[in-house]
Amino acid sequence: MRIVVLLGAPGSGKGTIAGRLAASDALLRHVSSGDLLRDAVRRQTAAGVEADGYMRRGELVPDGLIARMVGDLTVGVDSACTLLLDGFPRTVAQAGMLDATVASCGASFGPVVLLEVPDAMLVERIAGRRGCPACGAGYHVTNIPPAREGLCDVCGTGLVVRKDDNPETVRNRLAVYRTQTMPLIDFYGARDHLRRVDATGPIDEIVVRVRQTLA
Ligand code: AP5
């Protein structure tokens, strides 16, 4: 098993790129900590109830909750698979948890791919993001519009705005990224795991760039 990480600010395209990569490779599994948490919130599990307030405010949920959630990350995963982590780790403490997981299951680790996008573009991408609450398909009102305005191309359900995509929460998420997640850039840079990718421009081109770093 191999574990690779997609690192990047809110709106940098982690979910979009990971989804495209996984769709074209049966051995690549996309694991999004944000999606796992949103699912827990929807189902009102104990973890979801605890996480909800933090997520609404754009703060990171406590590391202890993440530890419980990702503790069984590799359980039942075929040894031929690559796990593509999107949104985890997000703090240096979480990187330590991941090290322990990698060591305990004998996986290989790396690279950590940093998606680089200018701040103004991050805000524009998040402002236009829409998602399908039924099947999870993602859109952008101008960059990736659905064929019929406001409706999912896959299942026809009405598209929604994520609860934490309002301007105030987005400002907080970007600030949290700078203070709590950006230290991982130096952390993984010092270990020579970091690969920087220009994540502007057409999605297909970004997918090719990221795939090259994974080869
Ligand atoms: P999470 O869901 O991980 O959110 P995030 O990191 O803020 O990232 P986003 O989902 O906003 O953006 P993305 O990079 O995936 O971009 P996307 O592909 O959607 O986390 C949410 C919350 O959960 C956190 O705030 C925290 O509370 C909690 N959490 C999660 N993990 C945690 C952890 N490990 N520890 C503690 N707390 C945790 O793209 C954005 C938009 O741009 C889309 O509309 C897309 O269509 C569009 N787009 C993408 N690429 C392009 C392109 N090349 N050109 C044009 N448009 C594009």
Side-chain angles (χ1 to χ4, degrees), residues 1-36 38 77-78 80-90 108-162 164-165 170 173-174 177 181-182 184-185 188-189 193-215:
M1 188 188 313
R2 180 184 180 203
I3 297 182
V4 300
V5 174
L6 268 190
L7 188 62
S12 57
K14 301 181 295 296
T16 303
I17 301 301
R20 299 279 175 112
L21 288 167
S24 61
D25 182 347
L27 290 177
L28 197 68
R29 295 204 12 192
H30 173 199
V31 182
S32 158
S33 52
D35 286 348
L36 291 173
R38 279 183 288 277
V77 177
D78 190 299
C81 281
T82 296
L83 287 185
L84 180 56
L85 304 185
D86 152 12
F88 174 82
R90 234 162 162 113
S108 65
F109 181 76
V112 174
V113 182
L114 175 64
L115 299 181
E116 296 191 297
V117 176
D119 280 6
M121 199 178 282
L122 297 173
V123 171
E124 184 270 331
R125 284 186 185 178
I126 294 175
R129 174 167 43 198
R130 301 290 182 270
C132 176
C135 73
Y139 301 87
H140 185 281
V141 287
T142 51
N143 302 340
I144 312 163
R148 288 177 298 159
E149 194 181 334
L151 297 176
C152 179
D153 291 346
V154 181
C155 65
T157 305
L159 302 178
V160 297
V161 176
R162 234 168 71 178
D164 60 348
D165 275 354
V170 169
R173 283 162 57 202
L174 290 170
Y177 174 75
T181 304
M182 281 183 78
L184 287 173
I185 297 173
Y188 284 121
H193 283 312
L194 194 76
R195 302 291 177 268
R196 294 174 183 269
V197 167
D198 172 6
T200 62
I203 291 169
D204 290 346
E205 291 179 15
I206 301 166
V207 168
V208 170
R209 283 176 219 141
V210 172
R211 200 178 275 128
Q212 282 166 352
T213 70
L214 303 182

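Just so it is clear, the values below take in all heavy atoms, side chains as well, and ignore hydrogens, waters and symmetry mates. By convention here, the first residue in the shown sequence is residue 1.
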Practice item. Name all residues meeting the side chain to side chain donor-acceptor pair (under 3.5 Å) criterion together with Thr200; count only those two or more places apart in sequence or in a different chain, and write none if there are none. Key: Asp198
Point to revise | Any donor-acceptor pair under 3.5 Å from Lys14 side chain to Leu85 backbone | key: no
Exercise for review: Considering only NZ, NE, NH1 and NH2 on the basic side and carboxylate oxygens on the acidic side, decide whether Asp165 and Arg173 come within less than 4.0 Å.
Suggested key: yes
Point to revise | Thr157 side chain reached by Cys135 side chain, heavy atoms, under 4.5 Å | key: no
Check your understanding: Is the shortest heavy-atom distance from the side chain of Val4 to the side chain of Val113 under 4.5 Å?
Key -> no
Check your understanding: Among Leu83, Thr82, Val31, Ile3, which one satisfies side-chain contact (heavy atoms from CB on, under 4.5 Å) with Val77?
Key -> Leu83
Review point. Taking the side chain from Arg90 and the backbone from Gly87, do they hold a donor-acceptor pair closer than 3.5 Å?
Key: yes
Review point. Does any non-hydrogen side-chain atom of Asp153 lie less than 4.5 Å from one of Pro146?
Key: yes
Review point. Do you know which two heavy atoms are closest between Ala199 and Leu115, and how far apart they sit?
Key: CB-CB, 3.7 Å
Review point. Do His30 and Leu21 come within less than 4.5 Å of each other through their side chains, counting heavy atoms only?
Key: no
Review point. Taking only residues two or more places apart in sequence or in another chain, which ones pass ring pair (Phe, Tyr, Trp, His ring centres under 6.0 Å) with His193?
Key: Phe109
Point to revise | Atom CZ of Arg29 with >12 non-hydrogen neighbours under 6.0 angstrom | key: no
Check your understanding: Heavy-atom distance under 4.5 Å between the side chains of Leu174 and Pro10, does that happen here?
Key -> yes
Point to revise | Rounded distance (nearest 0.5 Å) linking atom OH of Tyr188 with atom CG of Leu114 | key: 12.5 Å
Revision key, fill the gap. Between Asp86 and Gly15, the two heavy atoms sitting closest are OD2-CA, 3.3 Å
Revision key, fill the gap. Arg38 and Ser32 have their tightest heavy-atom pair at NH2-OG, 4.4 Å
Practice item. Could you please spell out the steps behind the side-chain contact (heavy atoms from CB on, under 4.5 Å) verdict for Ile203 and Ile144? Key: CA-CA 10 Å; Ile203 291 169; Ile144 312 163; 3.3 Å; yes
Review point. Does the side chain of Glu116 reach to within under 4.5 Å of the side chain of Val197, using non-hydrogen atoms?
Key: no
Check your understanding: What are the two closest heavy atoms between Gly131 and Pro133, and how far apart are they?
Key -> O-CD, 3.5 Å
Review point. Should Glu124 and His140 count as side-chain neighbours, where that means a heavy-atom distance under 4.5 Å?
Key: yes
**Study point:** Heavy-atom pair of closest approach, residues Val154 and Tyr139
**Key:** N-OH, 3.8 Å
**Study point:** Which atom of Pro111 lies closest to which atom of Thr213, heavy atoms considered
**Key:** CG-O, 3.5 Å
Review point. When rounded to the nearest 0.5 angstrom, what is the spacing between CG in Asp25 and CZ in Arg20?
Key: 15.5 Å
Check your understanding: For the atom pair CG (Leu7) and CZ (Arg196), what is the distance rounded to the nearest 0.5 Å?
Key -> 9.5 Å
Exercise for review: Using atom types as modelled and distance alone, determine if a side-chain donor or acceptor of Arg130 lies under 3.5 Å from a backbone N or O of Val141.
Suggested key: no
Review point. So, do Val170 and Leu122 sit near enough that their side-chain heavy atoms are less than 4.5 Å apart?
Key: no
Exercise for review: Hey, could you give me the CG/CG distance between Leu84 and Leu6, rounded to the nearest 0.5 Å?
Suggested key: 4.5 Å
